[in-house]
Peer 1: 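Questions regarding the structure given below will be posed in turn.
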Amino acid sequence: MLHWQMLCYGAAGGALVALVTLYKHLQTRNQWPWKVKNGPTPPMYFTGEAIRILLGAGVAWGLAATDQLGVFGAIMVGAGAPAILDKWQRAAPGLAMTQHATLTETSQQSGEIDPGVTRMAVGRSTAEEGVV
């Protein structure tokens, strides 16, 4: 399938989740989300839902570019895009720290890079670490 079609299917998945969320809200509260005390304004609510749909489209398109998705997969990825991106975001800091630790250990063992240069590269000074 063409990538733009997968993008549309991902957006459809995001829209389905938006509709289910609205449906659940209407069933439990019996009023529009923007009518709830301290709730979002209509523009804010619809902006949030538009972002959810765009996230679904983007993640589905990205995975479709690797030829890993069919139509149903693109819809499901679009529906789960916020959760997928949240997992990736939570995993990213750990990956960055692991890579930094490996770089530091390797460079110190080989004597190629001064530890102070490594600390500056990741935005830390020697004073922050208690090294004088």
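The structure presented is a predicted model; accordingly, all values stated were derived computationally and were not measured.
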Peer 1: In the single-linkage hydrophobic clustering (I, L, V, M, F, W, Y; side-chain heavy atoms under 4.5 Å), do Val77 and Leu85 co-cluster?
Peer 2: yes
Peer 1: So, using side-chain hydrogen bond (donor to acceptor under 3.5 Å, both in side chains) as the criterion, who are the partners of Gln89 when residues are at least two apart?
Peer 2: none
Peer 1: To the nearest 0.5 angstrom, please state how far the NE2 atom of His25 sits from the CG atom of Asn30.
Peer 2: 9.5 Å
Peer 1: Does the side chain of Thr28 reach to within under 4.5 Å of the side chain of Tyr23, using non-hydrogen atoms?
Peer 2: no
Peer 1: Among residues two or more places apart or on two chains, list those pairs meeting ring-ring contact (aromatic ring centres under 6.0 Å, His included) that have a residue in residues 67-89.
Peer 2: none
Peer 1: So do the side chains of Val17 and Thr21 get within less than 4.5 Å of each other, counting heavy atoms only?
Peer 2: yes
Peer 1: What pair of heavy atoms forms the shortest contact from His3 to Ala64, and how long is it?
Peer 2: CE1-O, 3.2 Å
Peer 1: Of all the heavy-atom pairs spanning Ala74 and Ala60, show the shortest one and how long it is.
Peer 2: O-CB, 3.8 Å
Peer 1: If you look only at pairs with a residue in residues 74-89, which of them pass as a salt bridge (charged side-chain N to carboxylate O under 4.0 Å, His left out), with sequence neighbours excluded?
Peer 2: Asp86-Arg90
Peer 1: Report all side-chain donor-acceptor pairs from residues 32-41 shorter than 3.5 Å, counting only partners two or more places apart or in another chain.
Peer 2:
| unit_1 | atom_1 | unit_2 | atom_2 | d |
| --- | --- | --- | --- | --- |
| Thr41 | OG1 | Met44 | N | 3.4 |

Peer 1: Name each donor-acceptor pair under 3.5 Å that joins a side chain in residues 50-57 to protein atoms two or more places apart or in another chain, with its distance.
Peer 2:
| unit_1 | atom_1 | unit_2 | atom_2 | d |
| --- | --- | --- | --- | --- |
| Arg52 | NE | Glu49 | OE1 | 3.0 |
| Arg52 | NH2 | Glu49 | OE1 | 3.4 |
| Arg52 | NH2 | Glu49 | OE2 | 3.2 |

Peer 1: Determine whether Val59 and Met76 fall in the same hydrophobic cluster, where Ile, Leu, Val, Met, Phe, Trp and Tyr are linked whenever their side-chain heavy atoms lie under 4.5 Å apart.
Peer 2: no
Peer 1: Apart from Leu7 itself, what residues make up its hydrophobic cluster, given side-chain heavy atom links below 4.5 Å?
Peer 2: Trp61
